[in-house]
Amino acid sequence: MNLVFLGPPGAGKGTIAAKAKDVYKVPHISTGDLFRANIKNETELGKKVKAILAAGDLVPDSVTIEMVRERLKEADAKNGFILDGFPRTIAQADALSEMTGLDAVVNFVLAKEEIIKRLSGRRVCKSTGRTYHVLFNPPKVEGIDDETGEPLIQRDDDKEDAIRNRLEVYEASTAPLIEYYRAKGLLVDVDASKSPDEVLSLMVKALEK
Ligand code: AP5
């Protein structure tokens, strides 16, 4: 199954991908996670993109497209993938269509007020990327990762100014992909306002059709 997860920041793409990868037995490839791993490991790429991510702007297409092209060549992506956060521009979508075919593009639909609640309450484990929410998905012990015992942090781009910018960037650059993929007959809308298990189940049923 070759899937793209599309949707505004905080719609739950990463949360649902972490579950859906076991359903479809394909890797979850998040460009945001790939950039954050490079920043954590202080690679050349990480140094280049650190300030861009913190501000909530988009990394240049050329850099992002090459990173995804290399990732899709890895053995685990031979039988399918879930691409989370890519493509985010029409140029990225055109480049992806030259790399591979797609079975569907899942569009996670969520109201703006809900997006802001989800992003401002998100906490993550820096080393594993595991994601929590202070109200909707709290860890067993406040502020601590359930498995590693490490302290949870708030992403730099989950601060108020960066959230506002990310929503604007999404509307300007990424939302046009909804019509781009609808016109190709690939778009599947999913109501992302329910609990993660309900959203997963809605998506699986919609994809079966
Ligand atoms: P990225 O990491 O992709 O950020 P994003 O698209 O803004 O997505 P998020 O990770 O914020 O949200 P999500 O939809 O995965 O939600 P989540 O599951 O965490 O990208 C970060 C940055 O990298 C970009 O700003 C850009 O700089 C760069 N970048 C990445 N890709 C790029 C590209 N292609 N081109 C250029 N630049 C790129 O959930 C959010 C919260 O809600 C969590 O706390 C979660 O616990 C909670 N939650 C989730 N689902 C539910 C639910 N159903 N009910 C209640 N709570 C829920």
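Sequential numbering from 1 along the given sequence is applied to the chain's residues. Counting starts at 1 for both ligands and their atoms, following the listed order.
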Do any nitrogen or oxygen atoms of L53 come within less than 3.5 Å of a nitrogen or oxygen of ligand 1?
-> no
Do any nitrogen or oxygen atoms of D33 come within less than 3.5 Å of a nitrogen or oxygen of ligand 1?
-> no
Atom indices of ligand 1 within 4.0 angstrom of [X] heavy atoms, with elements:
| X | result |
| --- | --- |
| F136 | 55 (C), 56 (N) |
| L119 | 11 (O) |
| T64 | 33 (C), 34 (N), 35 (N), 36 (C) |

How close does the nearest protein non-hydrogen atom get to atom 41 (C) of ligand 1, and which residue and atom is it?
-> R118 O, 3.5 Å
Determine the sole option in R166, R164, K50 for which the salt bridge (charged side-chain N to carboxylate O under 4.0 Å, His left out) test with D157 is passed.
->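 Filter result, single survivor: R166.
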Applying a 4.0 Å heavy-atom criterion (strictly less than), which segment of [X] is in contact with ligand 1: side chain, backbone, both, or neither?
| X | answer |
| --- | --- |
| Y132 | backbone |
| S195 | backbone |
| R155 | side chain |

Distance-only side-chain donor-acceptor flag, S127 / E150, under 3.5 Å =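 Side chains of S127 and E150: pair found under 3.5 Å.
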Return yes when atom NZ of K112 has more than 12 non-hydrogen atoms of other residues, nucleotides or ligands closer than 6.0 Å, and no otherwise.
-> no
Would D145 and K126 pass as an ion pair if we require N to O under 4.0 Å?
-> no
